[in-house]
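One-based numbering, in listed order, for ligands and for the atoms of each.
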Amino acid sequence: HERIRLVVLGGAGVGKSAIIRRLLGQGFSERYRPTVEDLYSRECVLGTLTLKVDLLDTAGDLQFPAMRRLSIATAHAFLLVYATTSLPSFECIKRCFEEVREQRPDFQEVPIVVAGNKLDLATTRREVPIEDVSEWLFCELPKLRAKVMECSAKDDYNVKDIFRCFVTLSRIV
Ligand code: GDP
Ligand code: MG
């Protein structure tokens with residue numbers, strides 16, 4: 001693909017929009033504005049290849065089932081976001097993953113990155129060990145197509161690496 005449609009899923013308040021804002025170079029805000037659905041575009045230059053990435057930010061729960069089904073059906077790749085400080089948010093991405101599995105017979109070929117956000121808060125408030133996430137993910141998917149990483153949209157830690165990961169997983173370079 002020269003154009004990648006990346007769909008971001010995960011529970012409300014985990015930082016999906018904050019991660020996207022970081023990727024777009026828009027900084028960080030403590031304020032919380034709930035999302036319905038927003039589409040952003042960004043160009044990635046990789047050697048001689050210019051890649052267009054469309055990022056679809058979602059509401060992250062079951063409020064808009066029809067929109068959600070369409071997002072999942074048309075995605076080239078998925079970013080599943082949970083918060084390292086919230087066990088329920090990990091349970092939530094497991095349900096998101098089940099939706100993807102049910103709606104996409106090709107789910108094993110679709111690049112998936114699972115991102116544990118709010119790492120800046122995890123030293124004192126961690127509820128999700130990364131080992132538990134890896135164990136779950138790699139039971140479901142081949143390691144070649146999936147990756148787990150922790151990040152902080154607030155500290156701008158590992159956010160750009162999430163993007164790089166998709167590129168590697170899609171084997172574009
Ligand atoms: P969304 O519902 O998943 O899109 O979540 P938002 O991106 O709107 O973020 C929800 C709240 O968490 C906001 O108040 C953000 O400022 C905050 N937030 C997002 N990412 C981080 C992070 O990495 N660290 C901390 N401490 N707060 C974050
Ligand atoms: Mg949002």
Side-chain angles (χ1 to χ4, degrees), residues 4-42 44 53-101 103-104 110-134 136-137 146-166 169:
I4 292 191
R5 189 172 164 87
L6 175 57
V7 172
V8 186
L9 299 173
V14 295
K16 298 178 298 297
S17 301
I19 288 173
I20 290 172
R21 277 199 297 274
R22 268 290 181 217
L23 279 174
L24 299 172
Q26 292 172 0
F28 177 78
S29 151
E30 295 283 351
R31 220 174 90 212
Y32 180 47
R33 289 182 231 82
T35 311
V36 176
E37 193 172 271
D38 292 312
L39 184 66
Y40 302 92
S41 276
R42 197 196 138 138
C44 259
V53 181
D54 290 332
L55 281 152
L56 186 73
D57 192 6
T58 67
D61 50 31
L62 304 171
Q63 264 178 313
F64 308 99
M67 274 167 99
R68 204 175 158 83
R69 289 188 76 86
L70 188 65
S71 315
I72 291 175
T74 55
H76 296 137
F78 294 95
L79 175 60
L80 306 186
V81 184
Y82 68 96
T84 50
T85 50
S86 160
L87 194 54
S89 76
F90 177 37
E91 295 305 321
C92 185
I93 59 156
K94 289 182 183 171
R95 290 193 298 274
C96 291
F97 181 80
E98 287 310 316
E99 280 182 82
V100 172
R101 192 215 297 275
Q103 293 174 43
R104 294 287 299 256
V110 179
I112 296 186
V113 175
V114 173
N117 191 37
K118 306 198 184 184
L119 191 62
D120 57 288
L121 301 175
T123 34
T124 54
R125 289 169 47 192
R126 181 184 288 275
E127 286 187 12
V128 188
I130 192 168
E131 294 77 18
D132 293 6
V133 183
S134 308
W136 160 73
L137 187 67
K147 171 114 181 153
V148 182
M149 51 202 308
E150 293 186 325
C151 65
S152 166
K154 184 172 184 176
D155 291 352
D156 200 6
Y157 171 76
N158 255 355
V159 175
K160 288 193 184 66
D161 301 75
I162 292 173
F163 236 145
R164 281 190 209 112
C165 236
F166 278 110
L169 291 174

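- Results of the salt bridge (charged side-chain N to carboxylate O under 4.0 Å, His left out) test with E99 over R68, R104, K94 single out R68 as the only residue that passes.
- Taking only non-hydrogen atoms, the option from K16, R21, R22, R31 nearest to atom 3 (O) of ligand 1 is K16.
- Short contacts between ligand 1 and L121, defined as distances under 4.0 Å to a heavy atom of the residue, involve ligand atoms 26 (N).
- Considering both main-chain and side-chain atoms, F28 never comes within under 3.5 Å of ligand 1 through any nitrogen or oxygen pair.
- Side chains of D155 and L119 form no contact here, defined as non-hydrogen atoms less than 4.5 Å apart.
- In the model, S29 has no side-chain atom that pairs as donor or acceptor with a side-chain atom of R21 under 3.5 Å.
- Nearest non-hydrogen protein atom to atom 20 (N) of ligand 1 is N117 ND2, 3.0 Å.
- Looking at S29 against ligand 1, only its backbone comes within 4.0 Å, counting heavy atoms.
- The two atoms that bring S71 and E37 nearest to each other are OG-OE1, 3.3 Å, heavy atoms only.
- Within 6.0 Å of atom CZ in F28, more than 12 heavy atoms from other residues, nucleotides or ligands are found, so the atom counts as buried in its surroundings.
- Within a 6.0 Å radius of CZ in R33, other residues, nucleotides and ligands contribute more than 12 heavy atoms.
- The Mg ion (ligand 2) has no N, O or S atom of T58 under 2.8 Å away, backbone or side chain.
- Side chain of T85 to main chain of R125: no donor-acceptor pair is present (N/O by atom type, distance under 3.5 Å, no hydrogens or angles).
- The nearest protein atom to atom 9 (O) of ligand 1, hydrogens excluded, is given as G15 CA, 3.7 Å; this is a heavy-atom distance.
- Between A12 and ligand 1, no N or O atom pair is found at a separation short of 3.5 Å.
- The shortest side-chain heavy-atom distance between V114 and F97 does not fall under the 4.5 Å cut-off.
- For the ligand labelled ligand 1, residue G11 lies inside the 4.0 Å heavy-atom shell.
- Polar contact with ligand 1: present for S17 (N/O pair, distance under 3.5 Å).
- Ligand-side atoms of ligand 1 in range of D120: 22 (C), 23 (O), 24 (N), 25 (C), 26 (N), range being under 4.0 angstrom from any heavy atom.
- Residue A18 holds the heavy atom nearest to atom 7 (O) of ligand 1 of all those in A18, C151, G13, G10.
- Relative ring orientation between W136 and F90 is described as perpendicular, the plane-to-plane angle rising above 60° on a 0-90° scale split at 30° and 60°.
- Summarising the contacts of atom 13 (C) of ligand 1 with E30, R33, R125, the nearest heavy atom is found in E30.
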